[in-house]
Amino acid sequence: MRSIRNILALLTVGALGLALAPFPAGAQEFYAGGSTALFNTQVLAALASMSSVSKVYRLCGTGNSMGTTNACAGTAGLPVGAPISSLQNFMVIEGTMRNCGSSCNSTNLGTPTGGSGRYYISANGSDQGVLCSSAPKQKTGFLGIAGNDGVLCTTDDPGVSANGCTPGTSCGICGTGNGAGIPVTWPGQSGGPSGAGPTFDLSSLTQAALASCTGATGVATFISQLPASQQPTTTSLTEWCVVDIDANDDGQIGLGTPDPLLVGRPVGSFSTIGTAETSNLALNCTLGASDVGPQDFNDASLNSLSMDHQKTVGGQIFKIVASANVRPSGSFYGSDSQNKISLAMPQLQGLFGGANGGTDACSWTDVGGQVTGSGGTNPITVCFREDGSGTRETFRNTFMLQKNGQHTMGVTAGTFGCDQEDEGGTTDTLTNKVFVLSNGSGNVVNCMNATLAGSSSTTGRLGYLNASSQDTSQAAGSGKRRWGSVVLNGIDIDAYEQNTSGGTSGAAKVQNLVKCGAYPFWGTETVGNGAAVDPGSFIPAQENALSSVSIFNDTNSPDYLPAGNPVAANGIANTKTRVSAQYFVQWQSANCDSNLPLAPLGPGD
């Protein structure tokens, strides 16, 4: 479990403060951090509040295990000669704000004065959203486009060449052309090691590499998802990727306790936190976001907090996923059953619990399942999120709590022997149960795909993800997915997602299930004000946008339900009672009678 005391200690050691203004005069800086599930939603809300976008920066992770392709690092990728890299959900968007004058609301998006703006958006965990917006309002990690000193257009900015530069004119991101560059100490460069990487961490560098990312940051896709009237223009748009190194080759950017990916590092040198994998800086947030309110975290150091001006802006929908080779057991189904397994709260508590045979499931057999191809052992691999994840807390609040207590979750990575007494009470069977820590939703996908360190292709995996998440890796191969939703309380979310009957999209059907109180696995997106000064009504602009039913729909945000501004008076009330304080959200009205559960799909569909 990440220690709040350690976070405070890290942010204190070596903190230099910003002696200079971090960016040119006149720029309006807005920092939104927290919920990983809300990253796409935050980006769409920011873009809808802008009339034009001129620059976009995004974090890129490179290393042997960062995927299968070179998605963003360019010639700065590792290993040398065969780059592998993947986008990370830390982004900066620069452009011009919409001027909505005195009528700024969810339909008149923007700020009262317009002007230039720069949005920093970080998917660094719901706990970080709570901590940066609750007293004493701690700093959290944001994309370090300003280098080690936090001052843009100086010699330590990402991409600065070995020959130096003229600050403000040719340095890194402020450089001529696209400003891309690779430090000479980078692997494969004149002052760096040769051969396959990763071979060292960022603490030995004076600045990060900067790669040209034209067309690769994803901003064009985000803009195209907005309603036409809300799409900003992109004349002369430039895109960059700040490159970080997966030094320990575990397929995830972030190393150490606390994780520097989440909290960033104090302004100063990379070596401030010793072994480092990220160039992110620790800065105050303007707006923090969490998948649940702080009172609903299990961690006592979080559930005692209160976010400043705490508000609910919408709901985030999730689903339980399992490997496609996990199927119902028993003679009725047969060993080659194509049916999906059906789970309810008791089975979920056993599966996601620990490795105590007296209270937890030791194999899929214990919950009426089998793993085809496992030789009858039917092992379990749990892909679980990190401490502080709002997705994990939403799962815990929805399924692990009981009226008179709670079932403890397994939250320690590793392989554990699970000893269970067989029927008849004469012999014991020792089964290995595997727990894989997956920092961020993307790494839960990697775990489900058995590409994340610690996971195995022979085990029956399960985890939790956004409701619309799909395994697309087999599209060019057999056409068979490797994982998908389980049938939860009789409802198969994937079956809904793939059904377009009656002129209603599958995603809209899923959203209606939540509105009607028929599907339990969702959390309330909660925001609060951080310590960073609001540069000019950016906080209400982002809150209005996040709540806006004119921006978000079943196409661009299938997992997100905006609360509306104001909330519809004739909406359908939906309460969640397995939390410290009941959720009571009124969604826009929906026809609940037209959304009966569908038959489960087979694992190859």
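Only heavy atoms go into these numbers, but all of them, side chains included; no hydrogens, no water, no symmetry mates.
- For the residue pair T214 / E239, no side-chain donor-acceptor distance below 3.5 Å is found, with atom types taken as modelled.
- Side-chain contact, D534 with T286: no donor N or O sits under 3.5 Å from an acceptor N or O.
- Shown are Q230, R98, M97; of these, the side chain to side chain contact (heavy atoms under 4.5 Å, CB included) with S51 is made only by R98.
- Between D559 and K319 there is no salt bridge, since no side-chain N of the basic residue sits under 4.0 Å from a carboxylate O of the acidic one.
- Looking only at distances, a side-chain donor or acceptor of T278 sits under 3.5 Å from a matching main-chain atom of N280.
- Taken as a pair, C60 and C213 fail the criterion of an SG-SG distance shorter than 2.5 angstrom.
- With respect to S279, the side chain to side chain contact (heavy atoms under 4.5 Å, CB included) criterion is satisfied by exactly one of N148, L210, V242: V242.
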(message) Would R392 and D387 count as a salt bridge (charged side-chain N to carboxylate O under 4.0 Å, His left out) here? Give the steps.
(response) CA-CA 8 Å; R392 188 174 95 173; D387 178 32; 3.5 Å; yes
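- No option in T36, L437, L465 other than T36 meets the side chain to side chain contact (heavy atoms under 4.5 Å, CB included) test with R385.
- Inspection of the Q231 and S229 side chains reveals no N or O donor paired with an N or O acceptor under 3.5 Å.
- With hydrogens and angles left out, the side-chain atoms of Q138 and Q128 include no donor and acceptor closer than 3.5 Å.
- Between K311 and E543, at least one side-chain N (NZ, or NE/NH1/NH2) sits under 4.0 Å from a carboxylate O, which counts as a salt bridge.
- Remark: the backbone N or O of P83 is not paired with any side-chain donor or acceptor of N70 at under 3.5 angstrom.
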